[in-house]
Novice: 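The structure that follows is given in the form of structure tokens.
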Amino acid sequence: MKLKFTLVALTFAMAPQAFAQAVDYPQMNLRLAHFGPKIFVQSGIDQWWADEIKKRSGGKINIRIFWGGSAGQPLEILGLVGSGAVDFGAVPQAYFPNELPLIGAPNSVPYVFKTPKAAVAVSAGLVAENKAVQEELRRNKVKPLFFHPMNPYYPLCTKPVKVMADFKGLKIRSFGAYQPPMWDALGSVGVNVLPSDIYEGLQRGRLDCGFYSADLYKVTKLYEVAKHLSTAGVGPVATWPIWVNHDKWESSYPAEVKKLITEVSEEAAERSMRAIAEAEAEALDFLKKQGVAVVDFAEPDAYRAAIPDMRDVWFKSMVSKGLGEQAKTVLDYWRAKQAEIE
């Protein structure tokens, strides 16, 4: 009786794997152009995603990741996916303000979200439910499979930033169209520099502060040239998705392949959320051990009052570009969805 029970239990335990192997997947060798290096926390999730698809397809679906722009520069990746030159891409939507002004907003607009969960939910919900966003994606011939979250960003500076007056005149690393207005409101100067130039900028005095999450400060080693992490942060955002060519996905990928990739993508999104939370806690501990002082900002009410609602800043920008009607549908959904979660 014990042997019979063991065999039955083993059969049930192996059933999902046996079922997966029973699916007759086609042999597919696919390429993913990645903007970032392997050292990012989210990059590890992207590698897991590719490995897991290969595993669950019985080795039939192979996705090779080309890291650090080796299959195309970051600003080329969206076009490479849209043209079908590569099968997948990984690059932040905010890198493309002209091509993706709508879905790029939850990635590029700072000081809006309180939780990574809300940032990702707004982005995914817009893709699933907003017609203007869907048209924007179809126009670029891309489809996001899942979004990564990004931990809250904080200034890491060469001098302490503890009160509002400390912001005056600071040169802070910036990117995109919507961070400079925020720094202006605080009396600072947003300096748009590439990630590769931040270290030298801090070292040579061209920058007073970096602007990253704790886990990114750890992997980029900016703690070597700046030792004061202010808690005056701007909250999390949704960052890069895995992009796939829209037309190929809809017409060329077999149903069983799409089902597998969708399932693994959903699991990858959940893994990414857990991974960045763990990474932030580990990174803060690491930074302290490297001599970084965490400076508690003493005037949070004044800080909040000084920064405008950055969603409104974004909306006015969209109106000036003739996208007011589309942007209003995005903003209405954004406010409602975020309110549900936060």
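Just so we're clear, the structure is a prediction, and the values are computed from it rather than from any experiment.
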Novice: What are the two closest heavy atoms between Glu136 and Leu102, and how far apart are they?
Specialist: OE2-N, 2.9 Å
Novice: Look at the side-chain heavy atoms of Ile, Leu, Val, Met, Phe, Trp and Tyr, link any pair under 4.5 Å apart, and say whether Val41 and Trp48 land in one connected group.
Specialist: no
Novice: Please confirm whether the backbone N or O of Met164 pairs with a side-chain atom of Glu299, one donor and one acceptor, at under 3.5 Å?
Specialist: yes
Novice: With the 4.5 Å side-chain cut-off for hydrophobic clustering, are Val313 and Phe211 part of the same group?
Specialist: yes
Novice: Does the pair Lys54/Asp51 count as a salt bridge with the N-to-O cut at 4.0 Å?
Specialist: no
Novice: Looking only at non-hydrogen atoms, find the nearest pair between Leu260 and Ile53 and report the distance.
Specialist: CD2-O, 3.9 Å
Novice: Looking at every heavy atom in both Gly72 and Leu80, which two are closest together, and how far apart are they?
Specialist: CA-CD1, 3.8 Å
Novice: Which one of Leu156, Leu284, Leu222 satisfies the side chain to side chain contact (heavy atoms under 4.5 Å, CB included) criterion with Val292?
Specialist: Leu156
Novice: Show your working on side-chain contact (heavy atoms from CB on, under 4.5 Å) between Asn140 and Leu100 and close with a plain yes or no.
Specialist: CA-CA 8 Å; Asn140 288 279; Leu100 302 173; 3.7 Å; yes
Novice: Is it true that Ile45 and Val91 fall in one hydrophobic cluster, defined by side-chain heavy atoms closer than 4.5 Å?
Specialist: no
Novice: More than 12 foreign heavy atoms under 6.0 Å from CD of Gln27: is that the case here?
Specialist: yes
Novice: Taking the side chain as C-beta and beyond, is there a heavy-atom pair between Pro92 and Asn107 under 4.5 Å?
Specialist: yes
Novice: Do the side chains of Val189 and Trp183 get nearer than 4.5 Å, heavy atoms only?
Specialist: no
Novice: Within the 4.5 Å heavy-atom criterion, are Gln326 and Met318 side-chain neighbours or not?
Specialist: no
Novice: Can you classify the ring geometry of Phe146 versus His148 as parallel (below 30°), tilted (30 to 60°) or perpendicular (above 60°)?
Specialist: perpendicular
Novice: Check step by step if side-chain contact (heavy atoms from CB on, under 4.5 Å) holds for Thr262 and Leu145.
Specialist: CA-CA 7 Å; Thr262 298; Leu145 294 173; 5.5 Å; no
Novice: Are the side chain of Asn29 and the backbone of Asn62 linked by a donor-acceptor contact shorter than 3.5 Å?
Specialist: no
Novice: List the atom of Asp46, the atom of Ala90, and the distance in Å for their closest heavy-atom pair.
Specialist: OD2-CB, 4.4 Å
Novice: Could you grab the distance from atom CG of Asp247 to atom OG of Ser252, nearest 0.5 Å is fine?
Specialist: 8.5 Å
Novice: When rounded to the nearest 0.5 angstrom, what is the spacing between CD in Glu250 and NE2 in His246?
Specialist: 4.5 Å
Novice: Looking at the rings of Tyr223 and Tyr217, which for Trp means the six-membered one, are their centres under 6.0 Å apart?
Specialist: no
Novice: Give a yes or no answer on whether the side chain of Thr220 reaches the backbone of Leu216 with a donor-acceptor pair at less than 3.5 Å.
Specialist: yes
Novice: If you apply the rule ring-ring contact (aromatic ring centres under 6.0 Å, His included), what do you find for Phe35 with Trp240, and how did you get there?
Specialist: CA-CA 10 Å; Phe35 86 107; Trp240 77 84; 5.0 Å; yes
Novice: Are the charged groups of Arg31 and Asp87 less than 4.0 angstrom apart, N to O?
Specialist: no
Novice: Hey, do the aromatic rings of Phe113 and Trp334 have their centres closer than 6.0 Å?
Specialist: yes
Novice: Keeping the roles fixed (side chain from Gln134, backbone from Val127), state whether a donor-acceptor pair exists under 3.5 Å.
Specialist: yes
Novice: Looking at Ser123 and Ala238, would you say the former's side chain and the latter's main chain have a donor-acceptor pair under 3.5 Å?
Specialist: no
Novice: Would you call Glu267 and Arg56 a salt bridge, using N to O less than 4.0 angstrom?
Specialist: yes
Novice: Does Asp312 pair with Arg335 as a salt bridge, N-O distance under 4.0 Å?
Specialist: yes
Novice: Would you find more than 12 non-hydrogen atoms of other residues, nucleotides or ligands less than 6.0 Å from Lys171 atom NZ?
Specialist: yes
Novice: Stepwise, does the side-chain contact (heavy atoms from CB on, under 4.5 Å) test hold for Asp208 with Cys157?
Specialist: CA-CA 6 Å; Asp208 298 307; Cys157 305; 5.6 Å; no
Novice: Tell me whether the guanidinium CZ or amine NZ of Lys218 lies under 6.0 angstrom from the six-membered ring centre of Phe286 and within 45° of its axis.
Specialist: yes
Novice: Should Gln42 and Ser272 count as side-chain neighbours, where that means a heavy-atom distance under 4.5 Å?
Specialist: yes
Novice: Of all heavy-atom pairs between Pro101 and Leu323, which one has the smallest distance, and what is that distance?
Specialist: CG-CD1, 3.8 Å
Novice: Quick one: are Ser174 and Pro180 in side-chain contact, heavy atoms under 4.5 Å?
Specialist: yes
Novice: Rounded to the nearest 0.5 Å, what's the gap from CD on Glu52 to OG on Ser265? Could you check?
Specialist: 11.5 Å
Novice: Check for a donor-acceptor pair, side chain of Lys227 on one end and backbone N or O of Gln290 on the other, with a separation under 3.5 Å.
Specialist: yes
Novice: So, do Tyr199 and Val225 sit near enough that their side-chain heavy atoms are less than 4.5 Å apart?
Specialist: yes
Novice: Determine whether Trp49 and Phe88 satisfy the following criterion, ring-ring contact (aromatic ring centres under 6.0 Å, His included), listing intermediate values before the conclusion.
Specialist: CA-CA 12 Å; Trp49 175 83; Phe88 302 99; 5.3 Å; yes
Novice: Using the rule that two of Ile, Leu, Val, Met, Phe, Trp, Tyr join whenever any of their side-chain heavy atoms come within less than 4.5 Å, decide whether Val237 and Ile341 are in one cluster.
Specialist: no
Novice: Trp67 and Phe40: aromatic ring centres closer than 6.0 Å?
Specialist: no
Novice: In terms of heavy-atom contacts, does NZ of Lys321 have more than 12 from other residues, nucleotides or ligands at under 6.0 Å?
Specialist: yes
Novice: Exactly one of Tyr303, Tyr178, Tyr153 should register a ring-ring contact (aromatic ring centres under 6.0 Å, His included) with Tyr111. Which one does?
Specialist: Tyr303
Novice: Is the shortest side-chain N to carboxylate O distance from Arg206 to Glu200 below 4.0 Å?
Specialist: yes
Novice: Is Ser320 reaching over with its side chain to a backbone N or O of Ser317, donor-acceptor style, under 3.5 angstrom?
Specialist: yes
Novice: Has the side chain of Glu129 got a donor or acceptor atom that lies under 3.5 Å from a matching backbone atom of Leu126?
Specialist: no
Novice: Considering only NZ, NE, NH1 and NH2 on the basic side and carboxylate oxygens on the acidic side, decide whether Asp285 and Lys289 come within less than 4.0 Å.
Specialist: yes
Novice: Are Phe315 and Val330 packed together at the side-chain level, in the sense that at least one heavy-atom pair is separated by less than 4.5 angstrom?
Specialist: no
Novice: Treating Ile, Leu, Val, Met, Phe, Trp and Tyr as nodes and any side-chain heavy-atom pair under 4.5 angstrom as an edge, say whether Leu137 and Leu75 lie in one connected cluster.
Specialist: yes
Novice: Counting only heavy atoms from other residues, nucleotides and ligands, does the tally under 6.0 Å from NZ of Lys248 exceed 12?
Specialist: yes
Novice: Check the surroundings of atom CZ in Arg139: do more than 12 heavy atoms from other residues, nucleotides or ligands lie under 6.0 Å from it?
Specialist: yes
Novice: Main chain of Ile276, side chain of Asn151: is a donor-acceptor contact present, judged purely on distance under 3.5 Å?
Specialist: yes
Novice: Should the pair Glu135-Lys131 be classified as a salt bridge under the 4.0 Å nitrogen-to-oxygen rule?
Specialist: no
Novice: Quick one: CG on Leu78 to NZ on Lys141, what's the gap to the nearest 0.5 Å?
Specialist: 12.5 Å
Novice: Given side-chain contact (heavy atoms from CB on, under 4.5 Å), test Ser230 with Lys162 step by step and report yes or no.
Specialist: CA-CA 7 Å; Ser230 176; Lys162 188 176 182 65; over 6 Å; no
Novice: If we only count heavy atoms from C-beta on, is the Val234 to Pro152 side-chain gap below 4.5 Å?
Specialist: no
Novice: Please report the closest heavy-atom contact between Val122 and Gln338, naming both atoms and the distance.
Specialist: CG2-N, 4.2 Å
